[in-house]
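Everything below concerns the one structure shown next.
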Number of protein chains: 2
Amino acid sequence: MLWHDPRRCLRSAFFAAAAHEFASRGYAGARVDRIAQRARVNKAMLYYHFGSKRQLYRALLRTTSLHVAARLREVGESSDRPEQMMDRVIATFAEIARERAFFPAVMLREIAEGGAHLDRETLAALGAVPMAFSAIVARGVAAGAFRPVPPIVAYFITMAPLMVYMAAAPIRRELAKSRLLPVVPPDLDAFIGHLQQTMRRALENEPSLGITT
Amino acid sequence: MLWHDPRRCLRSAFFAAAAHEFASRGYAGARVDRIAQRARVNKAMLYYHFGSKRQLYRALLRTTSLHVAARLREVGESSDRPEQMMDRVIATFAEIARERAFFPAVMLREIAEGGAHLDRETLAALGAVPMAFSAIVARGVAAGAFRPVPPIVAYFITMAPLMVYMAAAPIRRELAKSRLLPVVPPDLDAFIGHLQQTMRRALENEPSLGITT
DNA sequence: GTCTATACTTCGATAGAC
DNA sequence: GTCTATCGAAGTATAGAC
(Lines give C-alpha, C1' and ligand atoms only; values in the text may rest on other atoms or scores of the structure.)
Protein backbone atom coordinates (compact mmCIF):
# COMPACT_ATOMS: atom_id res chain seq x y z
CA MET A 1 0.00 0.00 0.00
CA LEU A 2 2.95 2.31 -0.59
CA TRP A 3 3.59 2.99 3.07
CA HIS A 4 7.17 3.78 2.18
CA ASP A 5 6.17 6.98 0.54
CA PRO A 6 5.91 9.50 3.38
CA ARG A 7 3.33 11.50 1.49
CA ARG A 8 1.08 8.44 1.30
CA CYS A 9 1.64 7.80 4.97
CA LEU A 10 0.50 11.29 5.86
CA ARG A 11 -2.59 10.92 3.72
CA SER A 12 -3.37 7.66 5.49
CA ALA A 13 -3.08 9.33 8.87
CA PHE A 14 -5.47 12.05 7.74
CA PHE A 15 -7.87 9.51 6.27
CA ALA A 16 -7.97 7.46 9.44
CA ALA A 17 -8.61 10.51 11.57
CA ALA A 18 -11.14 11.96 9.17
CA ALA A 19 -12.95 8.66 8.87
CA HIS A 20 -13.42 8.46 12.62
CA GLU A 21 -14.58 12.05 12.85
CA PHE A 22 -16.98 11.98 9.88
CA ALA A 23 -18.43 8.64 10.97
CA SER A 24 -19.19 9.67 14.52
CA ARG A 25 -20.22 13.29 13.92
CA GLY A 26 -21.32 13.57 10.31
CA TYR A 27 -20.03 16.01 7.74
CA ALA A 28 -21.36 19.15 9.38
CA GLY A 29 -20.52 17.95 12.88
CA ALA A 30 -16.95 17.02 12.01
CA ARG A 31 -14.32 19.47 13.20
CA VAL A 32 -11.20 20.08 11.19
CA ASP A 33 -9.31 20.80 14.42
CA ARG A 34 -10.22 17.41 15.85
CA ILE A 35 -9.20 15.60 12.66
CA ALA A 36 -5.80 17.30 12.68
CA GLN A 37 -5.34 16.63 16.39
CA ARG A 38 -6.22 12.95 16.01
CA ALA A 39 -3.86 12.63 13.06
CA ARG A 40 -1.18 14.32 15.22
CA VAL A 41 -0.56 16.82 12.48
CA ASN A 42 -0.99 20.55 12.35
CA LYS A 43 -4.27 21.80 11.00
CA ALA A 44 -2.57 23.95 8.39
CA MET A 45 -1.07 20.76 6.93
CA LEU A 46 -4.51 19.43 6.30
CA TYR A 47 -5.37 22.47 4.23
CA TYR A 48 -2.01 22.27 2.50
CA HIS A 49 -2.65 18.69 1.40
CA PHE A 50 -6.40 18.64 0.83
CA GLY A 51 -7.44 22.24 0.31
CA SER A 52 -10.61 22.08 2.38
CA LYS A 53 -12.75 20.00 4.68
CA ARG A 54 -14.99 19.19 1.75
CA GLN A 55 -12.21 17.90 -0.45
CA LEU A 56 -10.88 15.75 2.36
CA TYR A 57 -14.35 14.28 2.74
CA ARG A 58 -14.61 13.57 -0.95
CA ALA A 59 -11.19 11.94 -1.06
CA LEU A 60 -12.14 9.68 1.83
CA LEU A 61 -15.39 8.65 0.18
CA ARG A 62 -13.74 8.04 -3.18
CA THR A 63 -10.94 5.92 -1.76
CA THR A 64 -13.28 3.85 0.39
CA SER A 65 -15.88 3.29 -2.32
CA LEU A 66 -13.32 2.26 -4.91
CA HIS A 67 -11.80 -0.15 -2.43
CA VAL A 68 -15.16 -1.75 -1.69
CA ALA A 69 -16.07 -1.99 -5.36
CA ALA A 70 -12.73 -3.62 -6.14
CA ARG A 71 -13.22 -6.21 -3.40
CA LEU A 72 -16.66 -7.04 -4.74
CA ARG A 73 -15.30 -7.46 -8.26
CA GLU A 74 -12.69 -9.85 -6.85
CA VAL A 75 -15.47 -11.98 -5.43
CA GLY A 76 -17.27 -11.83 -8.75
CA GLU A 77 -14.21 -13.10 -10.58
CA SER A 78 -13.97 -16.28 -8.52
CA SER A 79 -15.24 -19.54 -9.92
CA ASP A 80 -17.80 -20.08 -7.16
CA ARG A 81 -21.39 -20.91 -7.90
CA PRO A 82 -23.73 -17.90 -7.66
CA GLU A 83 -25.17 -19.00 -4.30
CA GLN A 84 -21.74 -19.25 -2.72
CA MET A 85 -20.76 -16.00 -4.33
CA MET A 86 -23.60 -14.20 -2.58
CA ASP A 87 -22.49 -15.67 0.73
CA ARG A 88 -19.02 -14.35 0.07
CA VAL A 89 -20.29 -10.94 -0.99
CA ILE A 90 -22.03 -10.61 2.35
CA ALA A 91 -18.98 -11.86 4.22
CA THR A 92 -16.79 -9.43 2.31
CA PHE A 93 -18.97 -6.46 3.21
CA ALA A 94 -18.71 -7.45 6.85
CA GLU A 95 -14.97 -7.98 6.58
CA ILE A 96 -14.45 -4.53 5.12
CA ALA A 97 -16.51 -3.00 7.88
CA ARG A 98 -14.36 -4.81 10.42
CA GLU A 99 -11.19 -3.41 8.88
CA ARG A 100 -12.71 0.05 8.52
CA ALA A 101 -15.14 0.50 11.34
CA PHE A 102 -16.21 3.89 10.05
CA PHE A 103 -17.55 2.50 6.78
CA PRO A 104 -21.18 1.74 7.68
CA ALA A 105 -21.86 5.01 9.49
CA VAL A 106 -20.27 7.14 6.78
CA MET A 107 -22.22 5.24 4.12
CA LEU A 108 -25.57 5.70 5.88
CA ARG A 109 -24.86 9.35 6.54
CA GLU A 110 -23.97 10.03 2.94
CA ILE A 111 -27.18 8.35 1.81
CA ALA A 112 -29.19 10.58 4.14
CA GLU A 113 -27.16 13.55 2.93
CA GLY A 114 -28.41 12.88 -0.59
CA GLY A 115 -25.10 13.55 -2.27
CA ALA A 116 -24.59 17.10 -1.07
CA HIS A 117 -20.86 17.93 -0.85
CA LEU A 118 -20.15 15.45 -3.64
CA ASP A 119 -18.70 16.14 -7.07
CA ARG A 120 -19.21 13.97 -10.12
CA GLU A 121 -16.06 11.95 -9.61
CA THR A 122 -16.95 11.00 -6.05
CA LEU A 123 -20.49 10.22 -7.08
CA ALA A 124 -19.15 7.87 -9.73
CA ALA A 125 -16.95 6.11 -7.17
CA LEU A 126 -19.95 5.71 -4.89
CA GLY A 127 -21.99 4.25 -7.72
CA ALA A 128 -19.29 1.68 -8.46
CA VAL A 129 -20.35 -0.30 -5.38
CA PRO A 130 -23.94 -1.10 -6.43
CA MET A 131 -22.62 -1.64 -9.95
CA ALA A 132 -20.18 -4.32 -8.84
CA PHE A 133 -22.83 -5.95 -6.70
CA SER A 134 -25.44 -5.85 -9.44
CA ALA A 135 -23.09 -7.51 -11.91
CA ILE A 136 -22.82 -10.52 -9.62
CA VAL A 137 -26.57 -10.85 -9.16
CA ALA A 138 -27.25 -10.31 -12.84
CA ARG A 139 -24.95 -13.17 -13.76
CA GLY A 140 -26.67 -15.42 -11.24
CA VAL A 141 -30.03 -14.54 -12.77
CA ALA A 142 -28.74 -15.09 -16.30
CA ALA A 143 -27.40 -18.50 -15.28
CA GLY A 144 -30.79 -19.44 -13.89
CA ALA A 145 -29.42 -19.83 -10.36
CA PHE A 146 -31.35 -16.83 -9.06
CA ARG A 147 -34.91 -15.67 -9.45
CA PRO A 148 -35.25 -12.69 -11.78
CA VAL A 149 -35.01 -10.08 -9.03
CA PRO A 150 -33.78 -6.65 -10.14
CA PRO A 151 -30.11 -6.63 -9.07
CA ILE A 152 -30.39 -3.17 -7.52
CA VAL A 153 -33.21 -4.42 -5.30
CA ALA A 154 -31.06 -7.33 -4.16
CA TYR A 155 -28.31 -4.83 -3.46
CA PHE A 156 -30.41 -2.78 -1.07
CA ILE A 157 -31.96 -5.79 0.64
CA THR A 158 -28.51 -7.23 1.24
CA MET A 159 -26.41 -4.20 1.98
CA ALA A 160 -28.83 -2.13 4.04
CA PRO A 161 -29.31 -4.58 6.92
CA LEU A 162 -25.56 -5.08 7.18
CA MET A 163 -24.77 -1.38 7.20
CA VAL A 164 -27.55 -0.55 9.62
CA TYR A 165 -26.88 -3.42 11.99
CA MET A 166 -23.20 -2.53 12.19
CA ALA A 167 -23.77 1.20 12.45
CA ALA A 168 -26.41 0.60 15.12
CA ALA A 169 -23.98 -1.16 17.46
CA PRO A 170 -23.46 1.95 19.63
CA ILE A 171 -27.16 2.67 20.02
CA ARG A 172 -27.86 -0.99 20.81
CA ARG A 173 -25.29 -0.68 23.58
CA GLU A 174 -27.04 2.45 24.84
CA LEU A 175 -30.40 0.70 24.82
CA ALA A 176 -28.95 -2.32 26.59
CA LYS A 177 -27.26 -0.13 29.19
CA SER A 178 -30.57 1.55 29.95
CA ARG A 179 -32.32 -1.83 30.13
CA LEU A 180 -34.52 -0.90 27.18
CA LEU A 181 -33.99 -4.11 25.22
CA PRO A 182 -35.78 -7.30 26.25
CA VAL A 183 -33.08 -9.65 24.93
CA VAL A 184 -29.41 -9.45 24.00
CA PRO A 185 -29.12 -8.97 20.22
CA PRO A 186 -27.02 -11.52 18.31
CA ASP A 187 -23.42 -10.64 17.59
CA LEU A 188 -22.33 -9.67 14.10
CA ASP A 189 -21.32 -13.17 13.01
CA ALA A 190 -24.70 -14.59 13.90
CA PHE A 191 -26.42 -11.73 12.15
CA ILE A 192 -24.36 -12.34 9.03
CA GLY A 193 -25.40 -15.98 9.07
CA HIS A 194 -29.06 -15.02 9.21
CA LEU A 195 -28.63 -12.53 6.40
CA GLN A 196 -26.89 -15.09 4.20
CA GLN A 197 -29.70 -17.54 4.78
CA THR A 198 -32.28 -14.87 4.05
CA MET A 199 -30.65 -14.02 0.74
CA ARG A 200 -30.31 -17.67 -0.24
CA ARG A 201 -34.04 -18.06 0.28
CA ALA A 202 -34.85 -14.76 -1.39
CA LEU A 203 -32.91 -15.58 -4.55
CA GLU A 204 -33.61 -19.32 -4.64
CA ASN A 205 -35.00 -20.27 -8.01
CA GLU A 206 -36.39 -23.72 -7.26
CA PRO A 207 -38.49 -23.50 -4.13
CA SER A 208 -39.41 -27.16 -4.19
CA LEU A 209 -35.80 -28.36 -4.18
CA GLY A 210 -32.93 -28.11 -1.77
CA ILE A 211 -33.64 -25.18 0.49
CA THR A 212 -30.93 -25.26 3.11
CA THR A 213 -32.18 -24.94 6.65
CA MET B 1 -54.91 15.70 16.32
CA LEU B 2 -55.95 18.71 18.41
CA TRP B 3 -55.40 21.22 15.64
CA HIS B 4 -57.86 23.51 17.35
CA ASP B 5 -55.43 24.22 20.12
CA PRO B 6 -53.18 26.98 18.77
CA ARG B 7 -50.31 25.82 20.94
CA ARG B 8 -50.46 22.39 19.32
CA CYS B 9 -50.64 23.97 15.92
CA LEU B 10 -47.49 25.96 16.58
CA ARG B 11 -45.67 22.86 17.76
CA SER B 12 -46.74 21.08 14.59
CA ALA B 13 -45.37 23.87 12.46
CA PHE B 14 -42.07 23.69 14.29
CA PHE B 15 -41.99 19.91 14.02
CA ALA B 16 -42.60 19.97 10.31
CA ALA B 17 -39.89 22.53 9.74
CA ALA B 18 -37.46 20.84 12.10
CA ALA B 19 -38.09 17.46 10.53
CA HIS B 20 -37.22 18.78 7.09
CA GLU B 21 -34.08 20.49 8.36
CA PHE B 22 -32.79 17.63 10.50
CA ALA B 23 -33.49 15.09 7.77
CA SER B 24 -31.66 16.94 5.05
CA ARG B 25 -28.78 18.38 7.07
CA GLY B 26 -28.37 16.22 10.17
CA TYR B 27 -28.33 17.39 13.74
CA ALA B 28 -25.11 19.38 13.55
CA GLY B 29 -25.88 20.73 10.10
CA ALA B 30 -29.38 21.89 11.01
CA ARG B 31 -29.74 25.63 11.53
CA VAL B 32 -32.18 27.01 14.06
CA ASP B 33 -32.61 30.08 11.86
CA ARG B 34 -33.71 27.99 8.92
CA ILE B 35 -36.14 25.98 11.02
CA ALA B 36 -37.76 29.16 12.34
CA GLN B 37 -37.87 30.70 8.88
CA ARG B 38 -39.48 27.60 7.37
CA ALA B 39 -42.03 27.49 10.20
CA ARG B 40 -42.71 31.20 9.51
CA VAL B 41 -42.16 31.96 13.15
CA ASN B 42 -39.59 34.05 14.91
CA LYS B 43 -36.52 32.25 16.12
CA ALA B 44 -37.01 33.47 19.69
CA MET B 45 -40.34 31.66 19.73
CA LEU B 46 -38.58 28.41 19.09
CA TYR B 47 -36.43 28.92 22.15
CA TYR B 48 -39.45 30.03 24.12
CA HIS B 49 -41.32 26.81 23.34
CA PHE B 50 -38.54 24.23 23.21
CA GLY B 51 -35.64 25.67 25.15
CA SER B 52 -32.91 24.61 22.74
CA LYS B 53 -32.11 23.01 19.43
CA ARG B 54 -31.35 19.78 21.24
CA GLN B 55 -34.68 19.63 23.04
CA LEU B 56 -36.52 20.31 19.81
CA TYR B 57 -34.65 17.43 18.21
CA ARG B 58 -35.51 15.12 21.07
CA ALA B 59 -39.17 16.10 20.98
CA LEU B 60 -39.31 15.38 17.26
CA LEU B 61 -37.68 11.97 17.68
CA ARG B 62 -39.92 11.02 20.59
CA THR B 63 -43.13 12.02 18.85
CA THR B 64 -42.20 10.25 15.62
CA SER B 65 -40.98 7.05 17.29
CA LEU B 66 -44.04 6.75 19.50
CA HIS B 67 -46.26 7.27 16.48
CA VAL B 68 -44.51 4.53 14.52
CA ALA B 69 -44.57 2.13 17.45
CA ALA B 70 -48.29 2.75 17.94
CA ARG B 71 -49.00 2.06 14.28
CA LEU B 72 -47.07 -1.20 14.47
CA ARG B 73 -48.98 -2.27 17.56
CA GLU B 74 -52.22 -1.58 15.69
CA VAL B 75 -51.11 -3.97 12.99
CA GLY B 76 -50.19 -6.51 15.64
CA GLU B 77 -53.66 -6.31 17.16
CA SER B 78 -55.43 -7.27 13.96
CA SER B 79 -56.66 -10.79 13.44
CA ASP B 80 -54.54 -11.40 10.35
CA ARG B 81 -52.39 -14.47 10.00
CA PRO B 82 -48.71 -13.84 10.79
CA GLU B 83 -47.68 -13.89 7.11
CA GLN B 84 -50.22 -11.23 6.19
CA MET B 85 -49.29 -9.29 9.27
CA MET B 86 -45.69 -9.04 8.09
CA ASP B 87 -46.88 -7.77 4.72
CA ARG B 88 -48.87 -5.11 6.49
CA VAL B 89 -45.99 -4.18 8.76
CA ILE B 90 -43.87 -3.48 5.72
CA ALA B 91 -46.67 -1.57 4.04
CA THR B 92 -47.23 0.44 7.20
CA PHE B 93 -43.59 1.46 7.41
CA ALA B 94 -43.76 2.66 3.83
CA GLU B 95 -47.03 4.45 4.46
CA ILE B 96 -45.58 6.33 7.42
CA ALA B 97 -42.58 7.34 5.37
CA ARG B 98 -44.92 8.65 2.70
CA GLU B 99 -46.80 10.77 5.25
CA ARG B 100 -43.58 11.92 6.89
CA ALA B 101 -40.92 12.02 4.23
CA PHE B 102 -38.26 12.97 6.74
CA PHE B 103 -38.62 9.74 8.72
CA PRO B 104 -36.10 7.45 6.95
CA ALA B 105 -33.29 9.99 6.79
CA VAL B 106 -33.70 11.07 10.40
CA MET B 107 -33.77 7.44 11.50
CA LEU B 108 -30.60 6.53 9.61
CA ARG B 109 -28.83 9.62 10.86
CA GLU B 110 -29.72 8.92 14.45
CA ILE B 111 -28.45 5.36 14.11
CA ALA B 112 -25.14 6.67 12.80
CA GLU B 113 -25.11 9.25 15.57
CA GLY B 114 -25.14 6.44 18.11
CA GLY B 115 -27.60 8.11 20.45
CA ALA B 116 -25.62 11.26 21.13
CA HIS B 117 -27.98 14.19 21.96
CA LEU B 118 -30.52 11.72 23.35
CA ASP B 119 -31.83 11.45 26.90
CA ARG B 120 -33.26 8.34 28.47
CA GLU B 121 -36.84 9.18 27.61
CA THR B 122 -36.12 9.68 23.93
CA LEU B 123 -34.01 6.54 23.86
CA ALA B 124 -36.94 4.61 25.30
CA ALA B 125 -39.27 6.00 22.64
CA LEU B 126 -36.78 4.96 19.96
CA GLY B 127 -36.59 1.47 21.40
CA ALA B 128 -40.36 1.11 21.30
CA VAL B 129 -40.22 0.62 17.52
CA PRO B 130 -38.10 -2.57 17.45
CA MET B 131 -40.06 -3.75 20.50
CA ALA B 132 -43.39 -3.47 18.71
CA PHE B 133 -41.97 -5.15 15.62
CA SER B 134 -40.35 -7.93 17.61
CA ALA B 135 -43.60 -8.72 19.40
CA ILE B 136 -45.25 -9.44 16.06
CA VAL B 137 -42.47 -11.72 14.86
CA ALA B 138 -42.23 -13.48 18.21
CA ARG B 139 -45.91 -14.36 18.07
CA GLY B 140 -45.53 -15.70 14.56
CA VAL B 141 -42.66 -17.87 15.70
CA ALA B 142 -44.59 -19.08 18.74
CA ALA B 143 -47.54 -19.99 16.52
CA GLY B 144 -45.23 -22.01 14.27
CA ALA B 145 -45.94 -19.81 11.29
CA PHE B 146 -42.39 -18.45 11.19
CA ARG B 147 -39.00 -20.06 11.45
CA PRO B 148 -37.31 -19.40 14.79
CA VAL B 149 -35.44 -16.31 13.66
CA PRO B 150 -34.49 -13.84 16.43
CA PRO B 151 -37.13 -11.11 16.12
CA ILE B 152 -34.56 -8.33 16.33
CA VAL B 153 -32.76 -9.84 13.33
CA ALA B 154 -35.98 -9.87 11.37
CA TYR B 155 -36.48 -6.26 12.39
CA PHE B 156 -33.19 -5.11 10.90
CA ILE B 157 -33.53 -7.20 7.76
CA THR B 158 -36.99 -5.75 7.15
CA MET B 159 -36.63 -2.18 8.28
CA ALA B 160 -33.15 -1.37 7.03
CA PRO B 161 -33.78 -1.92 3.29
CA LEU B 162 -36.95 0.17 3.48
CA MET B 163 -35.30 3.05 5.32
CA VAL B 164 -32.22 3.00 3.12
CA TYR B 165 -34.09 2.64 -0.16
CA MET B 166 -36.36 5.55 0.71
CA ALA B 167 -33.61 7.73 2.11
CA ALA B 168 -31.47 6.97 -0.93
CA ALA B 169 -34.02 8.39 -3.38
CA PRO B 170 -32.17 11.73 -3.74
CA ILE B 171 -28.80 10.11 -4.37
CA ARG B 172 -30.34 7.69 -6.87
CA ARG B 173 -31.67 10.72 -8.69
CA GLU B 174 -28.21 12.27 -8.65
CA LEU B 175 -26.67 9.09 -10.01
CA ALA B 176 -29.33 8.85 -12.70
CA LYS B 177 -28.87 12.49 -13.67
CA SER B 178 -25.15 11.92 -14.11
CA ARG B 179 -25.82 8.76 -16.12
CA LEU B 180 -24.04 6.65 -13.52
CA LEU B 181 -26.74 3.99 -13.22
CA PRO B 182 -27.11 1.32 -15.90
CA VAL B 183 -30.85 0.83 -15.35
CA VAL B 184 -33.74 2.76 -13.83
CA PRO B 185 -34.32 1.51 -10.27
CA PRO B 186 -37.83 0.26 -9.43
CA ASP B 187 -40.21 2.70 -7.78
CA LEU B 188 -41.05 2.38 -4.11
CA ASP B 189 -44.15 0.22 -4.60
CA ALA B 190 -42.24 -2.33 -6.62
CA PHE B 191 -39.47 -2.35 -4.06
CA ILE B 192 -41.97 -2.94 -1.27
CA GLY B 193 -43.37 -5.89 -3.17
CA HIS B 194 -39.93 -7.44 -3.48
CA LEU B 195 -39.24 -6.88 0.19
CA GLN B 196 -42.52 -8.49 1.22
CA GLN B 197 -41.74 -11.49 -0.90
CA THR B 198 -38.23 -11.68 0.54
CA MET B 199 -39.54 -11.66 4.09
CA ARG B 200 -42.19 -14.28 3.30
CA ARG B 201 -39.46 -16.56 2.02
CA ALA B 202 -37.10 -15.68 4.87
CA LEU B 203 -39.65 -16.50 7.57
CA GLU B 204 -41.42 -19.37 5.78
CA ASN B 205 -41.49 -22.39 8.04
CA GLU B 206 -42.47 -25.08 5.53
CA PRO B 207 -40.25 -24.75 2.49
CA SER B 208 -41.88 -27.64 0.70
CA LEU B 209 -45.36 -26.12 0.80
CA GLY B 210 -47.00 -23.05 -0.59
CA ILE B 211 -44.20 -20.64 -1.40
CA THR B 212 -45.83 -17.82 -3.29
CA THR B 213 -44.05 -16.79 -6.44
C1' DG C 1 -46.49 35.56 23.99
C1' DT C 2 -43.94 37.88 20.34
C1' DC C 3 -40.15 40.41 18.09
C1' DT C 4 -35.50 43.07 17.52
C1' DA C 5 -31.01 43.47 18.42
C1' DT C 6 -27.04 41.58 20.00
C1' DA C 7 -23.84 38.96 23.11
C1' DC C 8 -20.83 35.17 23.06
C1' DT C 9 -18.73 31.17 20.95
C1' DT C 10 -16.96 28.23 17.59
C1' DC C 11 -15.34 27.01 13.19
C1' DG C 12 -13.23 26.94 8.54
C1' DA C 13 -9.67 28.96 6.41
C1' DT C 14 -5.31 31.73 5.68
C1' DA C 15 -1.35 34.92 6.15
C1' DG C 16 3.24 34.90 6.98
C1' DA C 17 7.47 33.43 9.55
C1' DC C 18 10.73 29.70 9.24
C1' DG D 1 6.72 21.65 3.81
C1' DT D 2 5.56 22.96 8.49
C1' DC D 3 3.84 25.80 12.34
C1' DT D 4 1.69 29.93 15.00
C1' DA D 5 -1.44 33.32 15.28
C1' DT D 6 -5.47 35.16 13.85
C1' DC D 7 -9.32 36.77 10.80
C1' DG D 8 -14.04 36.84 9.35
C1' DA D 9 -18.20 34.32 8.98
C1' DA D 10 -21.72 31.89 10.95
C1' DG D 11 -23.91 29.74 14.76
C1' DT D 12 -26.72 29.19 19.32
C1' DA D 13 -28.82 31.54 22.60
C1' DT D 14 -30.69 35.57 25.27
C1' DA D 15 -31.76 40.20 27.03
C1' DG D 16 -35.17 43.40 27.00
C1' DA D 17 -38.86 46.25 24.71
C1' DC D 18 -43.68 45.70 23.65
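Within every chain, numbering begins at 1; the chains are lettered A, B, ... in the order of the sequence lines, protein sequences first and strands thereafter.
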inquiry  = Do the side chains of B/Arg98 and B/Asp189 get close enough for a salt bridge, i.e. N-O under 4.0 angstrom?
reply    = yes

request  = Give the rounded distance in Å between these two atoms: OH of B/Tyr48 and C1' of C/dG1.
outcome  = 5 Å

key: d(CZ, B/Arg31; C1', D/dA13) in whole Å   = 14 Å

key: Given C/dA13, D/dT12, C/dC3, the nucleotide with the shortest approach to the side chain of A/Lys53   = C/dA13

ask   = Taking CZ from B/Arg34 and P from D/dA10, how many angstroms apart are they, rounded to a whole number?
value = 12 Å

task = Specify the separation, in whole Å, of atom OH of A/Tyr27 and atom P of C/dC11.
result = 14 Å

task = Quickly work out the B/Tyr47 OH to D/dT14 P distance and round it to whole Å.
result = 8 Å

message = Whole angstroms only, please: what is the CE-P distance between B/Met45 and C/dG1?
response = 8 Å

task = Give one of base, sugar-phosphate or nothing for A/Ala36, where a contact means two heavy atoms less than 4.0 Å apart.
result = nothing

message = From the set C/dC3, D/dT6, D/dT2, return the single nucleotide nearest to any side-chain atom of A/Lys43.
response = D/dT6

ask   = Under the criterion ring pair (Phe, Tyr, Trp, His ring centres under 6.0 Å), which of B/Phe14, B/Tyr27, B/Phe50 is the partner of B/Tyr57?
value = B/Tyr27

key: Under 4.0 angstrom between B/His49 side-chain N/O and C/dT2 OP1 or OP2   = yes

query = Which word best sums up how the rings of A/Phe191 and B/Phe156 line up, parallel for under 30°, tilted for 30 to 60°, or perpendicular for over 60°?
reply = perpendicular

request  = For salt bridge (Lys or Arg N to Asp or Glu O under 4.0 Å), just list the numbers for A/Glu113 and B/Arg25, CA-CA rounded to whole Å, side-chain angles, deciding distance to a tenth of an Å, and then say yes or no.
outcome  = CA-CA 7 Å; A/Glu113 210 84 21; B/Arg25 314 253 186 178; over 6 Å; no

task = Would you indicate what A/Ala28 reaches in the nucleic acid, counting non-hydrogen atoms under 4.0 angstrom: base, sugar-phosphate, or nothing?
result = nothing

ask   = Between atom CG in A/Asp33 and atom C1' in D/dC3, what is the gap in whole Å?
value = 14 Å

key: Whole-Å gap separating P (C/dT14) and CG (A/Asn42)   = 15 Å

